[in-house]
Amino acid sequence: MSLLRQEIAAVVRQGIGAAQTAGTLPAFAIPVLKIERPKNASQGDYASAVAMQIQKQVGKPPLEIAKIIQAHLPQTGFLAAIEVAPPGFLNFRLSDQWVAEQVDHIIAAGDRVFQESQGAGKTAQVEYVSANPTGPLSVHRIRGGVIGDTLANLLQAVGYAVTREYYFNNAGEQMNILGESVRARYLEILGDSVEFPKKGYKGQYIRMIAAMLIAFKGDTMRDAPVNDFRTLAATAIMERIKSSMRRVNIVHDNFFLENSLYEDNSVWQTVDELRKRDLAYDKDGAVWFKSTELGDEKDRVIVKTTGAPTYRLPDMAYHRNKLERGFDLVVDVFGADHAATAPQVLLGVKALGYDPSVVRTIIHQMVELVEGGEARRMSTRKGDFVELDELVDDVGPDAVRYFILAQNPNTGMVFDLELARTQGDENPVYRIQNAHVRCAGIIRKTDERGLTDEGADLSKLGTDELTVIRKMLELGEVIDRAVTDMAPQALAAYALELAGVFHPVYDRVRVLSDQEDIPLDVQKARLRFYRAAKVVLARTLKLMGMTTPEFMERRERPTETTATDVAIDTDSDNTEA
RNA sequence: GUCUCCGUAGCUCAGCGGAUAGAGCGUUGGCCUCCGAAGCCAAAAGCGUGGGUUCGAUUCCCACCGGGGACACCA
């Protein structure tokens with residue numbers, strides 16, 4: 001299905017062109033035609049304000065221009081009426097018959113409904129989460145995760161072959177501190193008196209890892225080098241992060257190891273190449289990137305006096321690697337704490353001779369957790385932060401995804417834990433999912449009673465159903481916009497709108513009734529309509545990474561579950577708590 | 001201080017330069033013998049301030065006020 005908006009723009013373009021050929025409009029370059037959606041349904045399904053835009057070139061009042069264009073518009077199969085409204089709008093109304101027929105197209109398309117093709121044949125890479133494996137996944141990190149994962153879904157929905165990637169910072173000083181922290185706790189449990197490292201990670205999970213090492217290795221690691229602790233701890237934490245992500249339906253295709261950039265020497269090659277281009281120099285015992293040459297406000301250190309690289313260097317090498325892989329689009333999803341450094345890294349790859357214009361950086365603002373009116377800071381090092389798992393236990397994975405998605409990434413997000421806990425029944429998540437459940441319920445019930453939609457006559461659908469179908473037809477445009485603007489919140493807003501028009505209609509338009517006598521042909525048409533609604537609702541939910549429940553069950557209040565003992569079933573369409 | 005993001009209804013937020021600025025929650029009032037009331041119907045209530053660009057500004061630009069974030073040889 002191509003976008004209606006584009007088809008209507010083409011119609012308007014033809015109309016203007018015809019008027020110009022006929023001499024009723026002067027010759028001028030036709031501007032980019034933006035077809036919009038009127039807020040008021042009485043103004044039609046689509047509108048164009050082109051008459052206002054070109055009034056200067058034409059030298060006539062917009063209302064008159066609109067009438068001239070209207071008179072030259074070609075006939076189409078999908079438009080029922082084209083009206084002119086002051087001060088010069090062209091209003092388009094879709095044909096009811098055409099709208100009703102879309103039900104069959106939607107059902108036929110199924111899971112791929114509103115699959116678009118502007119990304120067909122192209123590749124995209126989306127990098128998200130990329131948290132250091134120094135502790136459990138925090139709520140803040142998962143905001144980027146949900147945004148990135150949903151963008152990846154959306155890119156697939158427009159045809160891109162998408163690689164979902166996690167950049168695993170398993171090198172560097174942070175990891176040494178992690179290793180030392182675990183070693184200290186390990187020796188502590190064995191009863192040795194040890195000094196805990198000054199900058200060490202104090203979270204409870206460090207003790208858990210140490211205890212695990214005791215359980216598996218006993219005291220055999222007493223004299224093991226820090227590096228052993230570091231490697232084992234990183235692996236344990238990474239596994240835990242993966243399992244946490246899986247709970248909110250985030251599964252990456254590729255874990256890119258920072259290590260590998262050292263193993264293949266590309267980190268040091270990067271320095272050499274910068275030097276060759278005279279974009280790196282030595283000063284005060286450190287190596288500096290001459291980023292001012294490319295417009296930065298000051299030069300940046302890339303190799304410390306200790307000989308160790310700063311984070312910038314492997315990041316530059318990593319981004320070079322991404323561009324080397326030839327993706328048509330590279331999306332980086334970072335938190336606001338990286339907002340200042342992301343451009344520096346791109347300057348680095350530019351300095352190396354790569355074109356960073358395929359990279360789109362999405363910055364999301366922080367998540368502030370509020371509990372009992374008090375803000376909770378989230379610092380991995382202090383060990384005082386709210387873990388994703390904790391939040392998932394509280395409100396469920398679908399709610400975590402939806403609440404994060406519903407907000408513009410650019411805005412700071414306040415997550416009130418108390419509110420989230422009491423969310424329960426007043427939750428928009430359930431409102432949306434319940435629409436899907438209701439469709440499923442109808443299909444189930446009609447199956448039981450042997451009613452099929454075979455030979456359904458869609459002209460039997462009423463205005464209520466057509467209103468919902470019109471809303472369903474918007475999904476293609478929503479996907480298109482969400483991709484163009486990298487704005488996944490458009491999807492969340494749409495989902496709630498779709499549920500909002502669905503529920504009142506469900507209430508009025510029954511397939512089965514003990515009270516009214518509904519003719520068989522009407523029942524069949526309605527059943528097919530609900531089947532299509534289910535398809536669109538499911539597509540919307542899946543794009544958001546949410547489940548598509550067939551039944552509504554009250555979610556049990558969480559008990560003492562932890563990440564590791566929760567069964568994970570990513571393929572299931574059902575909510576099984 | 002510099003840079004950056006954000007100020008829209010009581011709350012949490014949508015809003016793609018267009019016509020009467022939307023939704024959920026909350027509040028007030030009215031609705032359940034029927035596909036699950038986790039629902040339906042209705043009401044009250046809003047663009048931080050001041051300029052500018054434009055035929056038209058919540059949207060773009062500038063200033064101010066208020067809030068978040070970033071400004072390391074930490075990542």
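Chain naming here is simple, since letters A, B, ... match the order of the sequence lines and numbering starts at 1 in each. The figures here come from the full heavy-atom set of this structure, side chains too, leaving out hydrogens, waters and symmetry mates.
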Please give the nucleotide sitting opposite B/rC64 as a Watson-Crick or G-U wobble pair, both distances under 3.5 Å, or none.
B/rG48
Using the P atom in both, what is the distance from B/rG24 to B/rC62, to the nearest Å?
36 Å
Round to a whole Å and report the spacing from CZ of A/Arg37 to P of B/rA23.
16 Å
Can you check ring-ring contact (aromatic ring centres under 6.0 Å, His included) on A/Phe255 and A/Tyr166, steps first, answer last?
CA-CA 5 Å; A/Phe255 288 82; A/Tyr166 188 125; 5.4 Å; yes
With a non-hydrogen cut-off below 4.0 angstrom, is A/Glu497 in contact with a base, only sugar-phosphate, or nothing?
nothing
Need one value for A/Ala487: base, sugar-phosphate or nothing, where a base atom within 4.0 Å counts as base even if backbone is also close, heavy atoms only.
nothing
Classify A/Thr310 by what it touches in the nucleic acid, base, sugar-phosphate, or nothing, heavy-atom distance under 4.0 Å.
sugar-phosphate
Categorize A/Asp507 for me: base, sugar-phosphate, or nothing, with a 4.0 angstrom heavy-atom threshold over every strand shown.
sugar-phosphate
Nearest-nucleotide 5' precedence on RNA chain B, A/Gln407 against A/Ala49:
A/Gln407
Taking only the C1' atom of each, what is the distance from B/rA9 to B/rU28 in whole angstrom?
15 Å
A/Glu477 CD to B/rC16 P, straight-line distance once rounded to whole Å
14 Å
State the pairing partner of B/rG39; accept Watson-Crick or G-U wobble contacts with both distances under 3.5 Å, and report none otherwise.
B/rC31
I need the CD1-P distance between A/Ile363 and B/rC3, as an integer number of Å.
18 Å
Using a heavy-atom cut-off of under 4.0 Å over every strand shown, decide if A/Met52 touches base, sugar-phosphate, or nothing.
base
Phosphate-side-chain proximity, A/Arg438 and B/rA37, N/O vs OP1/OP2 below 4.0 Å:
yes
Is the ring pair A/His364/A/His140 parallel, tilted or perpendicular, if the boundaries are 30 and 60 degrees?
tilted
Let's test this: given Watson-Crick or G-U wobble pairing with both distances under 3.5 Å, identify the partner of B/rA23.
B/rU12
Within the structure shown, what part of the strands sits under 4.0 Å from A/Gly412 by heavy-atom distance: base, sugar-phosphate, or nothing?
sugar-phosphate
Specify whether A/Tyr530 and A/Phe502 have parallel, tilted or perpendicular ring planes, treating 30° as the upper limit for parallel and 60° as the lower limit for perpendicular.
perpendicular
Looking for any heavy atom pair under 4.0 Å, which part of the strands does A/Leu496 touch: base, sugar-phosphate only, or nothing?
sugar-phosphate
Using a 4.0 Å heavy-atom cut-off across all strands, classify A/Asp315 as base, sugar-phosphate, or nothing.
nothing
Mind checking A/Glu516 for me? I need base, sugar-phosphate or nothing, with any heavy atom below 4.0 Å counting as a touch.
nothing
Classify A/Ala406 by what it touches in the nucleic acid, base, sugar-phosphate, or nothing, heavy-atom distance under 4.0 Å.
sugar-phosphate
In whole Å, I'd like the distance from the CD atom of A/Gln433 to the C1' atom of B/rG24.
15 Å
Is there a side-chain polar atom (N or O) of A/Lys199 under 4.0 Å from OP1 or OP2 of B/rC74?
no
Atom-pair distance (CD on A/Gln344; P on B/rC74), nearest Å
14 Å
For A/Thr306, which contact category applies under a 4.0 Å heavy-atom criterion: base, sugar-phosphate, or nothing?
nothing
Return the value, rounded to whole Å, for the distance between atom CZ of A/Phe502 and atom C1' of B/rA23.
18 Å
According to the Watson-Crick and G-U wobble definitions, with both distances under 3.5 Å, which nucleotide is paired to B/rG1?
B/rC71
Check every strand shown and say whether A/Thr411 touches a base, only sugar-phosphate, or nothing at a heavy-atom separation below 4.0 Å.
sugar-phosphate
Could you check whether A/Asn91 gets within reach of a base, just the sugar-phosphate, or nothing at all, counting any heavy atom under 4.0 Å?
base
I'd like to know if the side chain of A/Asp398 reaches the main chain of A/Met546, judged simply by a donor and an acceptor atom lying under 3.5 Å from each other, with no hydrogens or angles considered.
no
Tell me which nucleotide, if any, is Watson-Crick or G-U wobble paired with B/rC55 when both distances must be under 3.5 Å.
B/rG18
To the nearest angstrom, how far is A/Tyr46 atom OH from B/rC16 atom C1'?
13 Å
Test item: side-chain donor near acceptor, A/Arg401 and A/Thr150, under 3.5 Å
yes
Is the distance between the ring centroids of A/Tyr167 and A/Tyr318 less than 6.0 Å?
yes
Evaluate whether the aromatic ring of A/Phe89 and the six-membered ring of the B/rG18 base sit under 5.5 Å apart, centre to centre, with an inclination under 30°.
no
Report which part of the nucleic acid A/Val509 touches: base, sugar-phosphate, or nothing (heavy-atom distance under 4.0 Å, all strands).
base
Can you work out whether A/Gly441 or A/Ala490 has the more 5'-proximal nearest nucleotide on RNA chain B?
A/Ala490
Of the listed nucleotides B/rA14, B/rA37, B/rC73, the one nearest the side chain of A/Tyr506:
B/rA37
Quick one: does A/Thr411's side chain have a donor or acceptor within less than 3.5 Å of a partner on A/Asn408's backbone?
yes
